[in-house]
Every structure is written in structure tokens, then in C-alpha cells.
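What follows is a set of notes on a single structure, which appears directly below.
To find a chain, count down the sequence lines: A is the first, B the second, and so on, and within it residues start at 1.
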Amino acid sequence: MQGFKKAFAEQLRLALPSQEVTLERPKDYQKGDLAFPCFKASQSLGMSPQSLASLLASKIKIKDATIEATGPYVNLRLLESVRSRETLASTLGNYPLPPQEKKNATILVEYSSPNIAKLFTIGHVRSTMLGHALANIYAQEGYEVVRLNHLGDWGTQFGTLLAAYELWAKDSNPELEKNFPWAAEYSSESTTPLHRLLQLYIRFHAEEEKNVSLREDARAWFKKLENQDPDARRLWKKFRDLSLIEFNRIYERLGVTFDSLEYGEAFYEDQIPGVLNALDSKGLLKEGENGSKVVDLSEEGFDIPCLIQKGDGTSIYASRDLAAALFRKSKWNYERCLYVAGSEQNFHFQQVFAILSKIDPWFKNKQTHVPFGLIKLPEGKMSTRKGNVIFLEDVLNEARDRIQKIISAKNPELSNQAATSEMLGTGAVIFINAFNDRNTSITFDWNKVLAFEGDTGPYVQYAHARICSIFRRAGGSWSQWAEPRSEDFGRLHFESIELPKSLQGLDHASAQHLIFELNGLEPALKASAISLSPTSLARQLLTISKAFSVFYNDSPILNVEQSEAIRQSRLLLCLATARVINQGLRWLGIFAPTEM
RNA sequence: GCACCCGUAGCUCAGCUGGAUAGAGCAUCAGACUACGAAUCUGGAGGUCGGGAGUUCGAAUCUCUCCGGGUGCACCA
């Protein structure tokens, strides 16, 4: 396909000297494989796009392809046999997409970043899986990717935890397990240490409403923590360790990894003075209210200064974000750093990025906040403090259980039902997040999040499972060829397959449509990289799966009274489809079952 | 007051840097399992793309404005 693209563009450039030639992919596969829109060129030539298109179409000749003008477009359409061969040859190598040239540049992706002592809610799945997908996509695009988790293990919120522990749990107060009615709904797991810490956190904020002085206790505890108080440090470490055990369990369940979990907020504790110095030496640090230190950003159009140090001398998240950026610059000398965090932090990141550019012009335009909308409840915002949240594990468990019921009804013979239910349930939850634009806020609805028919993860997974089912019947090495031999950072590595001399039985519409859509994987991946959103990738996977379902429905593959050559060719198309789906899902963080 | 996001079919949403007749899913109606898995497929119905103005050969897409919804604005992150 690349060869045809090059040849087509070259001939267009010859015919249109000094014109910009960019090729598109037609939306409708029947129009062809490549399209040149004539609008711009025709304007500067003083003719209508239609007549330019037909003029160009008569001039351009490319072997194995027809060139025709359709209205204002010149379309290149490959001969069916050539399209089949080109596509299968390129998808049945080691990788479904060829490895991109090394960019020799590093992209940092900061994502997930949960707070210590809080359980993952359904909201966390967005940052976690969005960041995971972006990291995979940029790795495929040839970048060196560093996966960072800016763990929320520092700050006054930690002070609240210490204060609450001191008040109510110091001597393992049995009351800790009561008084939180909502927790009873999660009784099976509410006895884990993290649940207890969360209960402390919630209780603290509930009592704080009645007793404002508790707020001061929390700040005092954080000050003790920053002042190396041994008790505070010991508890900090304990709480952090307990939390990480839970976090790692969730990450394992989601198949998400980080380069390191060490670079949380606490990691930058000893680097805060450096930040203050850097700001001060540039004359940026100003006195704020109550003895605090701030950076004035009125020149940048912000009517509120950015708080850098609190009145009691303790640090705040902005200072830690600045420290993190300075550290990252010296460690990775990055090209770009993506901050995958909720849109409610928009203002904060604008401030931080503005300050970074003031400290050092190097930072200009290197940081990007990748925001996403909230997941809300029908009654409004979720709030961990208030306890009206949906926990991620409950969603994953419910998804798994509902799938299990469906399997019991539809495929009771299935051998590894537990693993498959997990794969499909989690796949559904992850897919729906990738499927929708990250900016839109979602109102949580069990039946929508856990839908398994139509435009869903399981639909795509089903297409894969069906293909694998065909391979099991086909025998030979087919099943084995559909299995990746290895994986590195989301990229699947398969056995390279040689094509037979002639491909037969692929010239009809449904096969050609499927082939056309397989070619859409790469553009979709590029679009996802540019838009910093896996949506176009997820949608293309769905489109491919739909095209496969149509093909499957109208094209006998195994039990045909046809030639072995046709059977062979159609199996190869199935193989290419399975690999593309498997790879695409894996980029999103979803696994493709061979049976379901 | 400052900043950001959203408004497209009954519902949930796609529609990429303006471009070929505005697309999916759900729901609804009518069909397809004695063919490789019906978690599927085929077809019907359903939209003055929130209103208005502007830029353009061309606007769901860009600009302005208004209306409606959501979010954040210094001692939480």
C-alpha cells in the first residue's frame, strides 16, 4: 500500500507542480483505497475541482490500479487481487503493523496516580487505561516511553489520615469497623487494611464538617511528617505499603504496568527547596497571605496567583509538580510529558506549566495535560470523602459475574470459564472508556457500562474467538499462528507467514471490505496518537469486527465445496483479522480470548 | 470576575487538522439458526447537527455572539 501511495502522490506532484499533495483514505471503501481531493489545487488553477479531477484521472496511470474521477476527487482503486495480497502481506509479518522508525525521543506519560489510602473507584479506570493506551500507542510510534505514576502519597491529605488514625484507630479501635453504613455493602472486602484507612478518611471528613479545628490537626500532622517526626514517618510508610499492595493487585488485574512506582509525590520531598531557590533566583517568588509563598501569574492572564508554599511552611501539590518536572528534565531530557488527569485539574496544570516556562524556557510546550471528564452518578458527583462512590473492583466483579452467567447459558462446555469471564468483563469496562471521547463526562449506569452486545469490547472479542474457533476446526498450525509468540510493551510479535502464489476467493464485496478496513488500523492509530485519545483506535477495531462478521456470515471458509486454494486464502484473511484485532485490543489494554 | 469542557436520531455517542448523499449502538418494527459460534447478520423507521451572525467555492467542523448543561479557581490533590 505504501508503494501505491508513493507512486500516486508522485504522479500527482508531476501533474501539479508547486501544489501541495496530501492523500486521504476514502470513507466508503467502494470508492477506492486512496483519494486526492482537488479543491485546493483547482482553486489556484482557476478551474472547477470536478474538471481538474477528470483531467488528472485521464493523465495518471498506475499498474494494478484504476484511477477514476468521482466528482471532485481522484480515486485510486487497487485491483481486488492486488489489494488482498498487499494487505495480507503487510499484516502477516512479524507484527500486524511494521515497527515504526525509532524517533530517538522520549515521551513521559504520567497516569493513574491514585491517592494513598483510597480505593480505586470507577473514575480511576479512565486515567489508568487512557494513560496505558497512550503509552502503548506512542511506543508503537517509535518513541521511548516512560510510564510514570505520580502516586498521591504526600500532602495535607496524608495529614488527615494521620490525624484520623491518632484519634480513632491508634489502639486498633474496634469502632473502626462500624459506623460506616455504606461500607457494609462491601462487607466481603471491607476488612482489608485499605478499606479501614478509607473509612478513617471518610470519618474524618464527616466529623470535620461539625468540628472545623480538625482541619488544623491534619495540617499539623502533615507538618510533623515534613519535619521528620518519627511516628509520622513510620505510619506514612506503613500506610503507603498497605496501599501499594492493593494498587498492585488492581494493576495486575488490569494488566497495567509502570516503569517505577517510586516517583510518587513523596519522592520529591527533598527537592522542594530546590524549586523555591529556582523560583527565588528568577525573582518569581512573592509573599502571599498568612506568610505563604506564591508566584504571580497576572502577566499570563491568571487573576489568582499560584500557591507554592503554605503559611505554615509546608509544601503543596503545585510545588511538588514543579519539582517533578525539574527532576524529569534532568533524568530523561524528555521531548514531551503527558499528564493524564481529570479535567477539573485544568487550571492547576495551566498554572504549573506557565511557571515552568518562566523558570526555564526549555519547558515551553513540552508539557501537555490530557484531561478527561468525570464519571458521575445519577445523583451527582462521586466523592470518596462522602462515601458515595462506585468502586472499580465492584464494577469488574459485577462485569465478570454477569459474563459468567452468559457463558453458563450459551457455552457451558467452555473450559476456562473463570479466566474468560474476567477477560470479557474487564474488556467491556475498558472498551467503553476508550470508545467514548475522553472529554465527555459519563453518568454511571450499570447496564451501560456492562453492556456486552453491539458496540462493545465483547463484540470485538467475539470476532476474535470465532476466528480462533475456525482455526481449531481447520487444524494444522492455524491456531498456533493466531497466538502471539511474544509481547513487548503492548506490541505483539507473531510468526511470519508466507503467502501462496495466488489468493483466491477474496474478490467479493464482504472480503474486500474487510481488507479495506484492516488497512484502516494504521491511520486510526496515528489519529489516536495525535488526538491523545484511543477513541479512533477503538472505533476502528469495532469497524473491523463488523466487517468480519459480515464476511463470516456470507462467505463459507471451511466447509465449502470449493477449492483448497479458496479455503487457504480465506483462512489467511481470518488470520490477518485475528492478529489485527488482538494487537489493537492489546494496545487498549484488553485481552482477546480464543474461546468464549 | 478568570479558565476549561459539552450541546448531532427517543436514549448513549462517532464524525480527524472545513470537503464526496450526516454515521454507529441501544430501544422499536419486519426478517435470518438442518452452513464454519444467533454474544451474530439483513432490512425499515428515526436528525432544519442548541439559536443567530460571519469567513469560504463549500461549515456539524473555523470565528463571534446568545441560550442551555457541567467543571475548576491559593493554604486538598
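Taking the P atoms as reference points, B/rG69 lies 32 Å from B/rA24, given to the whole Å. For B/rG46 and B/rA22, the P atoms lie 14 Å apart once the distance is rounded to whole Å. For B/rC11 and B/rG47, the C1' atoms lie 14 Å apart once the distance is rounded to whole Å. The separation of B/rC29 from B/rU71, taken at their C1' atoms, amounts to 41 Å, rounded to a whole angstrom. Only the P atoms considered, B/rA39 is 15 Å distant from B/rC33, to the nearest whole Å. B/rU12 and B/rG7: their C1' atoms are spaced 14 Å apart (whole Å). Here, B/rG43 and B/rG72 have their P atoms 46 Å apart, quoted to the whole Å. Using C1' as the reference atom, B/rA3 and B/rU21 are 40 Å apart when rounded to the nearest Å.
Neither OP1 nor OP2 of B/rA20 sits under 4.0 Å from any side-chain N or O of A/Tyr29. Between A/Lys381 and B/rG72 there is a side-chain polar atom (N or O) within less than 4.0 angstrom of OP1 or OP2. Checking the phosphate oxygens (OP1, OP2) of B/rC5, no side-chain nitrogen or oxygen of A/Arg438 falls inside 4.0 Å. A/Tyr317 has no side-chain polar atom (N or O) that falls below the 4.0 Å cut-off from OP1 or OP2 of B/rA77.
A donor-acceptor contact under 3.5 angstrom links the side-chain atoms of A/Glu289 to the base of B/rA74. For a distance-only test at 3.5 Å, the side chain of A/Asp28 fails to qualify as a donor-acceptor partner of the base of B/rA20.
For the residue pair A/Ser292 / A/Asn290, no side-chain donor-acceptor distance below 3.5 Å is found, with atom types taken as modelled. Side-chain atoms of A/Gln461 and A/His464 form no donor-acceptor pair, as typed in the model, at a separation below 3.5 Å. Between the side chains of A/Thr314 and A/Arg219, not a single donor N or O lies within less than 3.5 Å of an accepting N or O.
Seen from the ring of A/Tyr552, A/Arg466 counts as a face-on cation partner, given the 6.0 Å and 45° thresholds.
Base contact: A/Asn290 has a heavy atom under 4.0 Å from a base atom. As judged by a 4.0 angstrom heavy-atom cut-off over every strand, A/Gly155 is placed among residues touching the sugar-phosphate backbone only. Within 4.0 Å of A/Thr156, counting heavy atoms only, lie sugar-phosphate atoms of the nucleic acid but no base atom. Counting any heavy atom pair closer than 4.0 Å across all strands shown, A/Val550 reaches sugar-phosphate atoms only and no base atom. Among the atoms of the strands shown, base atoms are found under 4.0 Å from some heavy atom of A/Ile407.
Sequence order on RNA chain B of the closest nucleotides to A/Glu265 and A/Ala35 puts A/Ala35 first from the 5' end. Summary of the strand contacts: A/Lys448 and A/Gln351 both lie near RNA chain B, and taking for each the nucleotide with the nearest heavy atom, the more 5' one is attributed to A/Lys448.
For A/Asp303, whose side chain is taken as the heavy atoms from C-beta onward, the closest listed nucleotide among B/rU40, B/rG1, B/rA20 is B/rG1.
Between A/Leu521 and A/Leu541, some side-chain heavy-atom pair lies under the 4.5 Å cut-off. Under the 4.5 Å side-chain criterion, counting only non-hydrogen atoms from C-beta, A/Tyr317 is in contact with A/His348.
Judged by distance alone, with hydrogens and angles left aside, the side-chain atoms of A/Ser319 form a donor-acceptor pair with the main-chain N or O of A/Ile308 at under 3.5 Å.
The aromatic rings of A/Tyr29 and A/Phe516 sit tilted, their planes meeting at an angle between 30° and 60°.
For the segment residues 44-52 of chain A, the set of residues with a heavy atom within less than 4.0 Å of an atom of RNA chain B is empty.
Taking the O4'-C1'-N9-C4 or O4'-C1'-N1-C2 dihedral as appropriate, B/rC33 has a value within 90° of 0 and is therefore syn.
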